[in-house]
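See structure below.
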Amino acid sequence: MAETATAEPTRRDFLFIATGAVGAVGVAAVAWPFIAQMNPDAATIAAGAPVEVDLEPIAEGQIVKLFWRGKLIFVRHRTPEEIKAAEEVNVASLPDPEADSARVKEGHAQWLVVYGNCTHLGCVPLGHAGAYDGWLCPCHGSVFDTSGRIRQGPAPTNLPIPPYTFVSDTKIQIG
Ligand code: FES
């Protein structure tokens with residue numbers, strides 16, 4: 001596992017390197033836990049095949065990042081408060097109206113899985129930030145809520161949902 005002195009020990013996000021690629025390690029600079037079972041082999045990644053993600057190590061309140069088909073994905077284990085905040089929004093008032101229930105899988109509202117690039121110009125929003133404690137994009141200030149929906153700023157749409165299914169209560173397959 002690569003570690004650097006620049007990692008922030010108090011940071012709640014942590015990165016699972018899902019590619020095993022050296023380049024990804026450089027970006028990650030992780031002191032955060034590396035979960036081996038989330039690391040599919042390079043051939044699987046190269047082929048863009050589905051990947052399974054074990055949710056068990058992801059504590060409530062945490063956001064993990066992984067790459068699938070070269071794209072960043074956030075997996076967020078939402079707290080009851082975060083779910084409540086996402087569900088109580090007047091959907092009609094949203095810039096990109098979408099109910100929270102349409103963005104999570106039935107019976108798994110604690111798990112939000114979204115692509116991790118801002119829908120404005122592609123920067124990576126910061127988790128647990130912004131007025132809604134969802135994400136805040138540091139580039140031009142787009143604010144996303146705990147459902148990954150755009151609430152303020154120039155991003156035109158919500159963070160999209162990648163294709164995924166639950167293969168068990170504690171495991172999803174992306175792709
Ligand atoms: S890239 Fe996120 S607000 Fe512009």
Side-chain angles (χ1 to χ4, degrees), residues 2 4 6-19 21-32 38 45 48 51 53 55 58-79 81-105 109-164 172 174-175:
T4 77
T6 59
E8 300 164 43
T10 58
R11 186 168 171 177
R12 295 177 73 195
D13 295 359
F14 58 95
L15 179 65
F16 293 139
I17 304 161
T19 67
V22 172
V25 173
V27 172
V30 284
W32 305 309
M38 295 182 67
I45 291 296
V51 292
V53 180
L55 303 175
I58 307 173
E60 190 175 280
Q62 283 186 316
I63 303 170
V64 302
K65 301 169 186 166
L66 55 89
F67 289 92
W68 176 67
R69 292 189 174 173
K71 295 203 169 145
L72 180 63
I73 289 175
F74 295 138
V75 179
R76 181 169 186 149
H77 189 172
R78 303 191 300 180
T79 65
E81 295 73 30
E82 290 170 343
I83 297 168
K84 189 162 179 275
E87 289 177 342
E88 284 183 344
V89 173
N90 175 5
V91 173
S93 71
L94 296 171
D96 181 12
E98 203 176 4
D100 184 64
S101 58
R103 296 177 54 78
V104 295
K105 303 296 186 191
Q110 71 271 43
W111 296 107
L112 180 74
V113 183
V114 292
Y115 282 111
N117 289 97
C118 181
T119 54
H120 182 221
L121 294 175
C123 291
V124 177
L126 305 170
H128 299 289
Y132 301 93
D133 201 32
W135 285 268
L136 170 65
C137 184
C139 291
H140 314 97
S142 285
V143 175
F144 299 87
D145 65 15
T146 56
S147 191
R149 296 171 298 198
I150 181 64
R151 302 294 294 270
Q152 299 169 352
T157 60
N158 303 332
L159 297 177
I161 312 288
Y164 75 97
I172 58 170
I174 300 177

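Remember, it's 1-based here, ligands and their atoms both numbered in the order they're listed.
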Atom 1 (S) of ligand 1 - nearest protein heavy atom and its distance: L121 N, 3.2 Å
Axial cation check for W135 ring with R76, 6.0 Å and 45° limits: yes
Partner of F144 by side-chain contact (heavy atoms from CB on, under 4.5 Å), out of D133, V114, T119: T119
Numbered atoms of ligand 1 (with element) below 4.0 Å of C118, judged on heavy atoms: 1 (S), 2 (Fe), 3 (S)
Contact atoms of ligand 1, heavy-atom distance to C137 under 4.0 Å: 1 (S), 2 (Fe), 3 (S)
N, O or S of H140 under 2.8 Å from atom 2 (Fe) of ligand 1: no
Euclidean distance, R78 CZ relative to I63 CD1, rounded to 0.5 Å: 11.0 Å
Check against disulfide bond (SG atoms under 2.5 Å apart), C123 and C139: CA-CA 6 Å; C123 291; C139 291; 1.9 Å; yes
Ligand-residue contact atoms, ligand 1 with S142, heavy atoms, under 4.0 Å: 3 (S)
For atom 4 (Fe) of ligand 1, the closest N/O/S atom belonging to H120: ND1
Parallel, tilted or perpendicular, as decided by the 30° and 60° cut-offs, for the rings of H120 and H140: perpendicular
Side-chain ion pair, E98 and R149, N-O less than 4.0 Å: no
N/O/S atom of C123 inside 2.8 Å of atom 4 (Fe) of ligand 1, strictly under: no
